[in-house]
Trainee: 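Dropping a structure here in structure tokens format, bear with me for questions.
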Amino acid sequence: MRSLNFLTKNLYFCFLCMLCMLCLLCLSGCGDNSSTSTATTTPSAIISTISETKSVSSTIVANQGGTVTLDDLSAIISANRLPTNATIRISKVAISNDRTVSGANDVTSAYVLSTTSSTSALEINNGTSITLEFKINNLNINPNLLRLVFWNGSSWVELASTYNSLRQVVTINLGMILPYGTTIYYCNKNGEQLHAARRGIHRGNNTVSEFVALKVVSVFITNDNDNDNDNENETSINANEKSIGLKSTTKVESTHFTVSYSKSSDAALAEKVSTVLENAYTNIVTTMGFKSPGRSSLGDSKWPVFIKELDDAYGRADSSNYIEVASGTSVSTDAEIQDLSHSCHHEFFHLVQYQTLRSAGNGPNDGLSWFDETSADAIGYYAKNGIGVRLSDSDSEMGYFNQRLDHDAYVPNNEDYEYNHYPFIEYILETYGYVKFRNFFETFYSYRENNKENINLNTIDRAANATIGKNITGTSGIFWDFYRDYFIAGVVFNKNKFLNLGSRNSGTPMDITDGLIEDDDQGVTLVDLSSQRTYASKDFKILRLSGQVILFRYNGNTVSGSGRNLTINIKSTAAADTSGRIQLHPYKRVSGALQIAGSGSVQEVLSGENKSVSFTGLGTDIHDIYVVLTNTSHLSDDYVVTISAELI
């Protein structure tokens, strides 16, 4: 559900040739994109299967418009609404495991609207919409109890609609028509519960529901002589919760969003969601220039936001261009508001990602999962805090840099794997600016080759070179710069104090403590030197696009003015392997802060080289020595470095 993390990362486009639509299982995460981490458990059963029982198709000429009708449903398309001539299909569908709305009966059948002539969504022109009309054939119905609902894979969810009593139709306006066979991803409530400590967006198992199925439901009343709407031609539908089991909703309208909620306790949450999403639009679209998301297939020109129960998610962004936020999310403290704000900015950027992919002719799920989530998290912080403001949450979790950057699979004991590398995107944003990052991102997500997805680590360097002027991978690439700077140079976050960076002055390197290494798994091996000792040879196997740090730290007493001598022996893999880079950085303490020991003191070890480096004056002129090991390749996982040391 691009889905990090309220959960949701991806509507996967699956173009089927057969008429029968099956519900699939997705073992990657939710930002539907948002889907954001990947769980390991498998749903016990498919939530639902949607199958087509009847259909009709018609070719609509864009500049003429037209109407497509199947039984209860008509799709009315005015002239110049469609971007191109298109074949529009209405499918009457049956849904297995249908959790029928409690206390309600179906007024119409369930239908799906789609296009069979396009592999990408048809967005309606000029900020207008097309109209769906559901004919109400039973006159013995109280209009107040009508409800238009859509199937989300596990339950029916209410949509805003209008009832016209003269024509006896329930209408809704749509801003987008999805291709035939589009699959909609939803969170599996039986999936693994996600890491409670990680704030923001999360993802777990998804189920898949074909299309967006719609129908009208109501309670049948046999002798209804008390229709309060006899003198009204059109009425906004407001259901009676006790009668039909659907909670009546309240809406918060803003310039670009409609936030719907049903619990009065969520009123403050809805207002805050509305405000922060408008900020997300302003900063991400207006200021930073990213693509504005496409129209929603569930409503008019505003993007729908639903506050609802999300058992395994903080929120999600669906590629039908709507957002869901977990009901009950507290906004009573500033910290809670900041968490919500980041999550909303994260989810909104998933909508931007969908549109960027669609604009290039790709499907909304064609991005890389890890890149989707980590970039949404980074942009979420960047846009929330204000353009140009460095990331400054003092208790942000950061790390897992001993694990691969480019991994979409589950990592043991780290359900938030895809999110925790967002500092890498922060580094690009802060080092090269959002304009270059935007161009890089849009170029990367525009790649197609022979109508197949070509967004991968074989092409990421091509996009980076074209827009930033530097590779991501390689011993002189951006990942090496980032990894070294993050652990050593104090360049990336030098104005902030992170939980796992420790208190330090601006521009000074991070001072790691034992507990934080253990807690956050930074891939740091801490070696305390307090007496004469030998550090036995140890092999460090480094995964691709990851790194490890060995920190030799002297805590013992020394003879005044002399210090001790430390010799570090390094043996890297064969010379033919040029995927890695090794540097030794000696530091001294000045007024309690670590600073580089002196000009020219950094030592470089070439791949395939065996080298001994000696440092004199340990405990006086030098206190800490960082040995930075980085595998800068995206191809090889077996870069091995052997290190031993002797203190005399």
Side-chain angles (χ1 to χ4, degrees), residues 2-5 9 28-29 33 36-38 198 200 203 353 367-382 391 396-432 437 440-441 444-445 455-465 468 470-488 492-493 500 520-524 540-549 579-582 628-639 641:
R2 245 146 197 250
S3 28
L4 224 138
N5 55 89
K9 175 178 178 183
S28 63
N33 263 7
T36 339
S37 358
T38 306
R198 172 71 169 96
R203 179 174 73 199
Q353 291 167 340
L368 292 181
S369 179
W370 70 268
F371 189 87
D372 289 344
E373 297 305 340
T374 199
S375 60
D377 240 27
I379 290 290
Y381 282 120
Y382 195 76
L391 182 57
S396 295
E397 289 186 17
M398 304 174 64
Y400 300 98
F401 295 110
N402 62 329
Q403 299 288 347
R404 281 168 27 192
L405 173 74
D406 64 321
H407 206 306
D408 283 340
Y410 172 73
V411 176
N413 302 318
N414 180 10
E415 295 88 347
D416 304 307
Y417 177 81
E418 296 177 63
Y419 305 86
N420 278 338
H421 283 286
Y422 72 85
F424 176 60
I425 304 299
E426 272 296 322
Y427 178 83
I428 299 177
L429 285 166
E430 295 179 0
T431 304
Y432 299 100
F437 174 78
F440 158 63
F441 161 71
F444 186 35
Y445 272 21
I455 302 169
N456 51 54
L457 281 170
N458 293 317
T459 59
I460 196 170
D461 284 340
R462 177 166 32 126
N465 252 316
I468 298 176
K470 194 169 186 176
N471 282 357
I472 297 293
T473 67
T475 54
S476 298
I478 295 173
F479 184 77
W480 160 257
D481 294 341
F482 156 73
Y483 191 84
R484 178 202 60 206
D485 288 349
Y486 178 77
F487 276 104
I488 301 300
V492 185
F493 306 111
N500 55 353
D520 287 335
D521 191 14
Q522 295 286 324
V524 178
F540 295 88
K541 184 176 180 180
I542 308 166
L543 302 175
R544 64 177 182 258
L545 287 179
S546 69
Q548 296 187 47
V549 170
S579 63
R581 188 162 179 178
I582 305 169
V628 186
L629 317 174
T630 308
N631 184 348
T632 63
S633 171
H634 71 280
L635 298 174
S636 174
D637 273 338
D638 56 358
Y639 185 69
V641 179

Trainee: For the pair Q548 (side chain) and K541 (backbone), establish whether a donor and an acceptor sit closer than 3.5 Å, ignoring hydrogens and angles.
Mentor: yes

Trainee: Strictly distance-based, threshold 3.5 Å: is any side-chain N or O of Y445 a donor or acceptor partner for the main-chain N or O of L368?
Mentor: yes

Trainee: Treating T632 as the side-chain partner and T473 as the backbone partner, does any N or O pair qualify as donor plus acceptor under 3.5 Å?
Mentor: no

Trainee: Could you check whether the rings of F440 and F371 sit parallel, tilted or perpendicular, using 30° and 60° as the cut-offs?
Mentor: perpendicular

Trainee: Any chance you could measure F482, atom CZ, to L545, atom CG, to the nearest 0.5 Å?
Mentor: 11.0 Å

Trainee: Using a 4.5 Å cut-off on heavy atoms from C-beta on, say whether the side chain of L405 contacts that of F479.
Mentor: yes

Trainee: After noting the C-alpha distance and the side-chain angles of N631 and S633, does the key distance pass the side-chain hydrogen bond (donor to acceptor under 3.5 Å, both in side chains) rule?
Mentor: CA-CA 6 Å; N631 184 348; S633 171; 4.6 Å; no

Trainee: Report the residue from N458, D461, D406 that forms a side chain to side chain donor-acceptor pair (under 3.5 Å) with H634.
Mentor: N458

Trainee: Report the distance from atom OG1 of T431 to atom CG of D485, rounding to the nearest 0.5 Å.
Mentor: 7.0 Å

Trainee: Evaluate the criterion side chain to side chain contact (heavy atoms under 4.5 Å, CB included) for residue pair Q403 and L543; output intermediate values, then yes/no.
Mentor: CA-CA 7 Å; Q403 299 288 347; L543 302 175; 3.9 Å; yes

Trainee: Between Y381, W370, Y427, Y382, which is the residue that forms a ring-ring contact (aromatic ring centres under 6.0 Å, His included) with Y422?
Mentor: Y381

Trainee: To the nearest 0.5 Å, how far apart are CD1 in I379 and CD in E426?
Mentor: 8.0 Å

Trainee: In sequence, state the C-alpha distance, the side-chain angles, and the governing distance for F441 and I425, and then conclude on side chain to side chain contact (heavy atoms under 4.5 Å, CB included).
Mentor: CA-CA 10 Å; F441 161 71; I425 304 299; over 6 Å; no

Trainee: Does the ring centre of Y432 sit less than 6.0 Å away from the ring centre of F437?
Mentor: no

Trainee: To the nearest 0.5 Å, what is the distance between CG on D637 and CD1 on I542?
Mentor: 11.0 Å

Trainee: Which distance, rounded to the nearest 0.5 Å, do you find between the CZ of R581 and the CG of L629?
Mentor: 13.0 Å

Trainee: State whether the side chain of T630 and the backbone N or O of W480 hold a donor-acceptor pair below 3.5 Å, judged by distance alone.
Mentor: no

